[in-house]
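Take a look at the structure below.
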2 protein chains.
Amino acid sequence: MGFKHSDEAVERLKSKSIKPSMQRVAIMDYLILNRTHPSVDDVYKGLSASIPTLSRTTVYNTLKLFSDKGAALMLTIDESRVNFDGDTSPHTHFLCKNCGKIYDLQVPSPVKEVIGMSLAGHQISEIHYYYKGVCKACLEG
Amino acid sequence: MGFKHSDEAVERLKSKSIKPSMQRVAIMDYLILNRTHPSVDDVYKGLSASIPTLSRTTVYNTLKLFSDKGAALMLTIDESRVNFDGDTSPHTHFLCKNCGKIYDLQVPSPVKEVIGMSLAGHQISEIHYYYKGVCKACLEG
DNA sequence: TATAAAATTGTAATAATTACAATTATGGGA
DNA sequence: TCCCATAATTGTAATTATTACAATTTTATA
Ligand SMILES: [Mn+2]
Ligand SMILES: [Mn+2]
Ligand SMILES: [Zn+2]
Ligand SMILES: [Zn+2]
């Protein structure tokens, strides 16, 4: 049981009918290993060393593809950049306005089941619960 | 009972200790009259005719000020621009991925009372519940 | 191997936002 | 009322995230 990291990434892509190219596997692997809700640039910088030919455009296109196919979440919690999450299970997010970190939160969420359903006649495909404030680390620092 | 529009705007600003300059009142008035969750540019374009000397920078600064002081909400539901809401009461939002409109939703929200409280040790100052999908109008169109 | 389609790359363009210095408005003494 | 300090506004230039797009490379298939 348990995949080697790359295999988990490959499996994830296959299960979402995304062709597992070298770059896509590397990017998905990065998301799986880095639970920090990285930005496009975080992913790009994090992989540039091991894939010197990697293009920023590919990172943009790939993360967009992951989000469209449901293989990753695109978070819009931060007004100045988009962040990505390899964890697609239902959970909520907290953004620290002081340090910029995005934390996972397990908060009782009432209407997670609403996906695919309709709300006031609108067809829902995504739910995002965002909290903002000052994080524990910044409060204690 | 009931204010003239401008007076309601002035009252709102005063109650949040924001000095009611001509531009600030006009911008707050715009938010109160336009419940469409306008972008910075919407506000700027909407007021340019009546205030020809208005600067985009002022609109940016003012909406940021409103958000900081709690006189308006800054929504980050749309990845490509920020939107503002003169309605600061607890409610949730729906973004149509097709037409881009942002709708208000009244959804049972579990943890609205959490503002000013702490969650996992973090100090919460804002809560945003965002839903995305295709709106009723686009579905029927 | 030849060929077509798909993916990746690099650069240039776009568009939202911010920085900043100059100008204008405001309010409280003298 | 006039001066002056401070706050607010303006206009332009700079920054930065994101997108467009054409060229190149990779992949799959016949
Ligand atoms: Mn997460
Ligand atoms: Mn609203
Ligand atoms: Zn923090
Ligand atoms: Zn729509």
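Naming: A, B, ... by sequence-line order, numbering from 1 per chain.
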Review point. Quick one, which residues of residues 46-72 of chain B touch DNA chain C with a heavy atom under 4.0 Å?
Key: Thr57(B), Tyr60(B)
Review point. Where along residues 18-27 of chain A does a heavy atom fall under 4.0 Å from DNA chain C?
Key: Lys19(A), Ser21(A), Gln23(A), Arg24(A)
Study note, to complete from the structure: Residues at least two apart in sequence or cross-chain that pass side-chain contact (heavy atoms from CB on, under 4.5 Å) with Ser21(B), listed by chain then number, are Gln23(B), Arg24(B)
Point to revise | Connected hydrophobic set around Ile77(B), excluding itself, where side chains approach under 4.5 Å | key: Leu73(A), Leu75(A), Ile77(A), Leu95(A), Ile102(A), Tyr130(A), Leu73(B), Leu75(B), Leu95(B), Ile102(B), Tyr130(B)
Revision key, fill the gap. Here the ring-ring contact (aromatic ring centres under 6.0 Å, His included) pairs for residues 35-57 of chain B, sequence neighbours left out, are His37(B)-His93(B)
Exercise for review: Quickly, which of Leu63(B), Thr62(B), Leu13(B) forms a side-chain contact (heavy atoms from CB on, under 4.5 Å) with Met28(B)? Name it, please.
Suggested key: Leu13(B)
Study note, to complete from the structure: Applied to residues 93-103 of chain A, the salt bridge (Lys or Arg N to Asp or Glu O under 4.0 Å) test, sequence neighbours excluded, yields Lys97(A)-Glu126(B)
Study note, to complete from the structure: Between the CG atom in Asp104(B) and the OG1 atom in Thr92(B), the distance rounded to the nearest 0.5 Å is 8.0 Å
Review point. Taking Ser50(A) for the side chain and Leu47(A) for the main chain, is one N or O donor matched with an acceptor at less than 3.5 Å?
Key: yes
Point to revise | Sequence neighbours excluded, every pair satisfying ring-ring contact (aromatic ring centres under 6.0 Å, His included) that has a member inside residues 47-84 of chain A | key: none
Revision key, fill the gap. So the contacted stretch of DNA chain D, first to last nucleotide with an atom under 4.0 Å from a non-hydrogen atom of chain A, runs from dA17(D) to dC21(D)
Exercise for review: Tell me, please, which residues at least two apart from Ser89(B) pass side-chain contact (heavy atoms from CB on, under 4.5 Å).
Suggested key: Asp87(B), His91(B)
Practice item. Fit a plane to each ring of Tyr129(A) and Tyr131(B), take the angle between them on a 0 to 90° scale, and name the class: parallel (under 30°), tilted (30 to 60°) or perpendicular (over 60°). Key: perpendicular
Practice item. Just jot down the salt bridge (charged side-chain N to carboxylate O under 4.0 Å, His left out) partners of Asp78(B), sequence neighbours excluded, or say none. Key: Arg81(B)
Check your understanding: Tell me, which of residues 77-85 of chain A have any heavy atom that sits under 4.0 Å from an atom in DNA chain D?
Key -> Ser80(A), Arg81(A), Val82(A)
Point to revise | Interatomic distance where CG belongs to Asp42(B) and C1' belongs to dA15(C) [whole Å] | key: 14 Å
**Study point:** Pairs touching residues 43-57 of chain B that satisfy salt bridge (Lys or Arg N to Asp or Glu O under 4.0 Å), sequence neighbours left out
**Key:** Asp41(B)-Lys45(B), Asp41(B)-Arg56(B)
